[in-house]
Student: 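Before I ask anything, let me first share the structure, which is written out below as structure tokens.
The structure presented is a predicted model; accordingly, all values stated were derived computationally and were not measured.
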Amino acid sequence: QVQLVQSGGGSVQPGGSLRVSCAVSGHSRSNYCIGWFRQAPGKGREGVATAYLGSGITTYLASVKGRFTIDQDASRNIMYLQMNNLKPEDTAVYFCAAEPRQLCPISRPGEFKVWGQGTQVTVSS
């Protein structure tokens, strides 16, 4: 079935940039919503951004809007979460997730059934 494989991330100082990739495979013609989530140490998983695979329509968590951007390489079915002007509070494991659905808002993790393996993003001085 649908599979998500992540790459990228890493460690940067505050104000730096990182990118996390999410390669999507095994999907049909269904309209897949791709969600980006993060889980900081000692905290629950929260939605960060969403986009339809193959669509330019995106949504963002207020705290990352203007700093994070979803990009995609449609020919390779790869979604990217570009993270600029990173802050220490952005430190977390970042996940991509997929669910075929008509609406693609930021939502709870339970709304998504297929997940990538997670990628560490660390922002520290």
Student: Report the distance from atom CD of E46 to atom CD1 of I106, rounding to the nearest 0.5 Å.
Tutor: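 Spacing of CD (E46) from CD1 (I106) equals 9.0 Å.
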Student: Mind listing the closest non-hydrogen atom pair of V121 and G9 along with its distance?
Tutor: CG2-CA, 4.2 Å
Student: Say you draw a straight line from SG of C33 to CD of E111; how long is it, rounded to the nearest 0.5 Å?
Tutor: 10.0 Å
Student: Can you name the closest pair of heavy atoms from A98 and Y32 and give their distance?
Tutor: CB-CD2, 4.1 Å
Student: Starting at CZ of R76, measure out to OG of S21 and round the result to the nearest 0.5 Å.
Tutor: 11.0 Å
Student: Can you tell me how far the SG atom of C96 sits from the CD1 atom of I34, to the nearest 0.5 Å?
Tutor: 7.0 Å
Student: If we only count heavy atoms from C-beta on, is the H27 to N77 side-chain gap below 4.5 Å?
Tutor: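 Yes, side chains in contact.
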Student: A side-chain contact here means heavy atoms from C-beta on lying under 4.5 Å apart; do T58 and T50 qualify?
Tutor: no
Student: Looking at side-chain heavy atoms only, is the closest gap between P14 and V123 below 4.5 Å?
Tutor: yes
Student: Between L61 and L81, is there a shared hydrophobic cluster once you connect ILVMFWY residues whose side-chain heavy atoms come closer than 4.5 Å?
Tutor: yes
Student: Give, for atom OH of Y94 and atom CG of L18, the distance between the pair rounded to the nearest 0.5 Å.
Tutor: 9.0 Å
Student: Should L4 and V114 count as side-chain neighbours, where that means a heavy-atom distance under 4.5 Å?
Tutor: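 Contact flag for L4/V114 side chains = yes.
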Student: Let me confirm one number: the CZ-CG distance from R67 to N84, rounded to the nearest 0.5 Å.
Tutor: 9.0 Å
Student: For S17 versus N85, what's the shortest heavy-atom pair and its separation?
Tutor: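 Between these two residues, the closest heavy atoms are OG-N, 4.2 Å.
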Student: Establish, yes or no, whether a centroid distance under 6.0 Å links the rings of F68 and W36.
Tutor: no
Student: If Ile, Leu, Val, Met, Phe, Trp and Tyr residues are connected whenever their side-chain heavy atoms lie under 4.5 Å apart, and connections chain through other members, are V12 and V64 in the same group?
Tutor: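 Cluster IDs for V12 and V64 match.
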Student: Please determine whether side-chain hydrogen bond (donor to acceptor under 3.5 Å, both in side chains) holds for the pair T119 and Q6, giving the CA-CA distance in whole Å, both sets of side-chain angles, and the decisive distance to 0.1 Å.
Tutor: CA-CA 7 Å; T119 304; Q6 297 181 228; 3.1 Å; yes
Student: So E89 and T91, side-chain hydrogen bond (donor to acceptor under 3.5 Å, both in side chains) or not? Walk me through it.
Tutor: CA-CA 5 Å; E89 52 264 42; T91 295; over 6 Å; no
Student: Using every non-hydrogen atom in the two residues, find where S107 and F37 come nearest and quote the distance to one decimal.
Tutor: O-CE2, 3.3 Å
Student: Count the heavy atoms of every other residue, nucleotide or ligand shown that sit under 6.0 Å from CD of Q117, and state whether that count exceeds 12.
Tutor: yes
Student: Taking only Lys NZ, Arg NE, NH1 and NH2, and the carboxylate oxygens of Asp or Glu, determine whether D90 and R38 approach each other closer than 4.0 Å.
Tutor: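 Counted as a salt bridge, because a side-chain N and a carboxylate O are separated by less than 4.0 Å.
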Student: Between R101 (side chain only) and L103 (backbone N and O only), is there a donor and an acceptor less than 3.5 Å apart?
Tutor: yes
Student: Would you say M79 and L53 make side-chain contact, with heavy atoms under 4.5 Å?
Tutor: yes
Student: Verify whether the ring centers belonging to F112 and F95 lie closer than 6.0 Å.
Tutor: no
